[in-house]
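Taking it in order: structure first as structure tokens, then the write-up.
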Amino acid sequence: MAAPVSAFKFWKPGAEGPGVHLSEERELPGETGGPPVIFNPNAALSIEKQRQKLPVFQHRNHILYMLEIYQTVVIVGETGCGKSTQIPQYLLEAGWAAEGKVVGITQPRRVAAISVAGRVAEERGAMLGHEVGYTIRFDDCSDPQTTRIKFLTDGMLVREMMSDPLLKKYSVLMLDEAHERTLYTDISIGLLKKIQKKRGDLRLIVASATLDAEKFKEFYNQNESGDPSKDTCGILTVEGRTHPVDIFYSMSPFPDYVKASVDTVMKIHESDERGDILVFLTGQEEVEGVATMLREQARALSRTGMKTHLRVLPMYAGLPYSEQMKVFERVPPTVRKVIVATNIAETSITVNGIVFVVDCGFVKLRAYNPKTAIESLVVVPISQASANQRAGRAGRNRSGKCFRLYTEESFEKLPLSTVPEMQRANLAPVILQLKALGIDNVLRFSFLSPPPAQSMVQALELLYALGGLDEQGQLTEPLGFRMAEFPLSPMFAKMLLESGNFGCSEEMLSIAAMMQIQNILLIPPNQKKAAAIEHRKFSVKEGDHLTMLNIYEAFIKNNKSSQWCKERFLNYKGLQRAVTVREQLQRMLAKFKVPKTSSEGDPDVILRCIVSGFFANAARLHYTGTYRTLRDDHELHIHPTSVLYVERPPKWVVFNEIIQTSQYFMRDVTVVESSWLVELAPHYYQEGTHLSFANKKAKVT
DNA sequence: TATATATGT
């Protein structure tokens with residue numbers, strides 16, 4: 001293997017030599033500009049040739065053969081070996097989409113569904129939305145008559161099961177990127193096992209990384225005889241086209257990975273090796289901090305005569321779209337890009353030209369405490385799978401190097417893969433969906449990785465308190481069924497469905513839509529004060545919900561102007577999205593005959609309506625100056641981003657969610673009156689004394 | 001008083 005260059009003296013090469021070989025994604029004709037290939041017969045020929053060059057092509061007949069003899073086929077293949085674009089086409093060519101049947105492919109992310117569909121349509125010389133289409137929320141680019149290959153998000157597949165429980169239109173379903181184990185992938189995995197028992201003709205392809213292949217096979221194999229010839233599930237491995245990535249570990253642990261990442265980037269920059277750098281850190285603050293330090297050091301370096309300029313680009317989800325796009329811009333040869341990113345760059349965003357990866361070894365993940373029903377964000381060590389995925393980002397165009405800011409010994413102690421989301425999520429929305437899909441006994445549902453029983457109990461209790469489930473745990477009619485149909489968390493769904501009764505459905509629609517969008521308020525690191533001044537103009541003493549309503553209404557009043565947003569440090573794209581979300585929610589309220597009503601400026605009805613959905617998230621001001629949950633006296637604080645943070649602390653509040661970082665913070669907080677809690681949730685709260693509601697009824701005084 | 005990772009319906 002390549003010896004480390006002198007600049008990296010303190011690095012130890014991985015014992016296995018080039019540690020990671022990940023596949024290269026194909027450069028597509030047309031991606032680099034130029035005329036659309038479909039109009040050029042020679043180009044069409046070259047598309048065919050390119051298809052045949054992909055590693056997966058060697059396995060074409062074998063894949064089709066396996067699908068004849070097995071009901072489920074697990075395909076192990078790294079991203080880019082061509083499986084996502086090619087296998088659907090093989091299936092189509094082999095007749096799996098005959099007689100009006102559809103080949104469906106799920107993706108965990110919306111952008112992936114759109115872009116892969118686009119590529120396949122292009123390869124087939126077809127207009128997207130006809131033979132090849134996609135379906136994601138708010139964007140159905142498929143035709144029920146003509147679409148034969150359909151890409152969809154896995155969340156969308158779960159939605160489709162609500163109207164078509166046996167997924168009758170599909171002959172084959174391919175769950176792509178199944179190893180990512182997102183919440184909806186896992187729901188789909190379990191539900192498809194159930195569907196397969198009723199539909200022997202439904203074929204399933206699970207596309208996953210090596211690690212999970214056996215687990216998937218075990219899960220889907222219906223052969224209990226012990227005779228392998230009777231297996232109903234088989235595994236097939238597709239190698240990728242690879243560029244080697246050399247792994248270097250630190251000789252000893254770093255006390256501060258933030259500083260270490262800066263030092264490492266500068267060492268790379270000072271070396272003779274060319275190529276862009278990608279740094280993995282855990283959050284926005286770290287990213288901005290490192291970006292600032294790198295800019296300073298690079299400036300100092302250029303004063304000493306360094307010719308290559310360092311362009312430092314932060315990358316995280318909360319960054320405005322236009323800023324995010326900068327990481328894709330091409331730079332002249334005298335400029336080296338360094339992208340300082342959160343986990344977003346691990347799977348969601350792919351930047352070409354990365355030769356060096358610097359991996360801090362940590363990630364910020366959502367965690368759920370089933371005892372307290374509190375969600376938190378915690379920084380935890382990454383898994384080995386994650387570390388390898390990060391390293392692979394260095395080898396997409398040519399061989400690369402990955403510097404791990406931890407020792408080889410610590411790498412070996414890392415968990416093999418990340419805990420599936422199902423085991424670290426609030427399950428109320430999941431349980432509601434499963435109930436709506438006719439899964440009566442959710443505790444016995446076949447989960448690939450069963451969640452903690454306590455999480456399920458918490459979810460069932462909440463759904464009962466909201467009136468979505470009855471004493472027997474059955475979905476209530478109509479409330480429970482309607483809640484399940486909403487693409488919102490159960491509390492939001494309840495709040496909206498009640499809004500007609502409170503006489504404020506117009507306002508609640510705006511509030512609910514706004515609350516679905518993150519980062520409506522933009523706070524550029526160098527203009528914090530100016531942003532705060534602009535934002536404060538919208539805030540009201542009632543709290544964050546009415547503040548968001550103010551912003552939404554002002555946005556509409558100002559003709560949805562992007563300039564208006566810019567001047568007020570508001571997220572224009574986010575507000576546009578809020579408009580779309582609101583329209584969808586409005587259609588649903590109309591469908592359920594919830595009357596269109598407005599509070600005409602009276603805030604109390606709105607606040608009471610919020611309480612009808614969020615009564616379980618109530619807190620009171622403790623004499624110590626902090627807040628306590630009504631349910632179990634847990635200490636809470638108002639989040640610094642809340643408009644109530646600067647107000648005189650109100651006595652009673654409800655909130656959308658708790659986020660634990662340094663402390664437990666309530667986010668999206670609104671002032672309420674204690675009497676409303678008792679009045680609107682009498683089954684949940686009791687005035688004066690404790691009474692029994694599963695021995696848990698909280699006291700409101 | 002002291003601050004968010006990433007997805008999805």
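Quick note: numbers below take in every heavy atom, side chains included, and nothing from hydrogens, waters or symmetry partners. Chain identifiers are assigned alphabetically (A, B, ...) following the order of the sequence lines, protein sequences preceding nucleic acid strands; residue numbering begins at 1 within each chain.
Following rounding to the nearest Å, A:His637 (NE2) and B:dT3 (C1') show an atom-to-atom distance of 13 Å. For the pair A:Gln516 CD and B:dG8 P, the computed distance is 14 Å after rounding to whole Å. If you take CD of A:Glu647 and C1' of B:dA2, they are 17 Å apart, rounded to a whole angstrom. Note: CG (A:Leu152) to P (B:dT9) measures 9 Å, nearest angstrom. Atoms CG (A:Leu585) and P (B:dT9) sit 13 Å apart, rounded to a whole Å. The distance from atom NZ of A:Lys364 to atom C1' of B:dA6 is 12 Å, rounded to the nearest whole Å. Across the protein-nucleic acid pair, A:Leu183 atom CG and B:dA6 atom C1' stand 13 Å apart, rounded to whole Å. Rounded to an integer number of Å, the gap from CD of A:Glu286 to P of B:dT5 is 8 Å.
Within 4.0 Å (heavy atoms only), A:Gln518 reaches at least one base atom of the nucleic acid. Note on A:Leu488: a base of the nucleic acid sits closer than 4.0 angstrom, heavy atoms only. Within 4.0 Å of A:Ile344, counting heavy atoms only, lie sugar-phosphate atoms of the nucleic acid but no base atom.
Between A:Arg424 and A:Glu421, none of the side-chain N atoms (NZ, or NE/NH1/NH2) sits under 4.0 Å from a carboxylate O, so this pair counts as no salt bridge.
Nearest to the side chain of A:Ser348, among B:dT9, B:dA4, B:dT7, sits B:dT7. Side-chain atoms of A:Arg109 lie closest to B:dG8 of the nucleotides B:dG8, B:dT3, B:dA6. If you check B:dT7, B:dT9, B:dA2 against the side chain of A:Pro640, the one that comes closest is B:dA2.
Counting atom types as modelled, A:Arg137 pairs no side-chain N or O with a base atom of B:dT9 as donor and acceptor under 3.5 Å.
If A:Tyr645 and A:Thr641 are placed on DNA chain B by their nearest nucleotide, the residue sitting closer to the 5' end is A:Tyr645. For A:Arg577 and A:Thr282, each mapped to the nucleotide of DNA chain B holding its nearest heavy atom, the one lying further toward the 5' end belongs to A:Thr282.
Taking the six-membered ring where the residue is Trp, the centroids of A:Tyr664 and A:His634 are separated by under 6.0 Å.
The neighbour count for A:Lys194 NZ, taken as heavy atoms of other residues, nucleotides or ligands under 6.0 Å away, does not exceed 12. In A:Gln527, the CD atom is crowded: over 12 heavy atoms of neighbouring residues, nucleotides or ligands sit closer than 6.0 Å.
Contact check, A:Thr153 against B:dT9: a side-chain N or O comes under 4.0 Å of OP1 or OP2. Using a 4.0 Å cut-off, no side-chain N or O of A:Arg667 falls inside it from OP1 or OP2 of B:dT3.
Judged by distance alone, the side chain of A:Glu286 and the main-chain N or O of A:Thr282 form a donor-acceptor pair under 3.5 Å.
Shown here, B:dA6 is classed anti by the O4'-C1'-N9-C4 or O4'-C1'-N1-C2 angle, which is more than 90° from 0.
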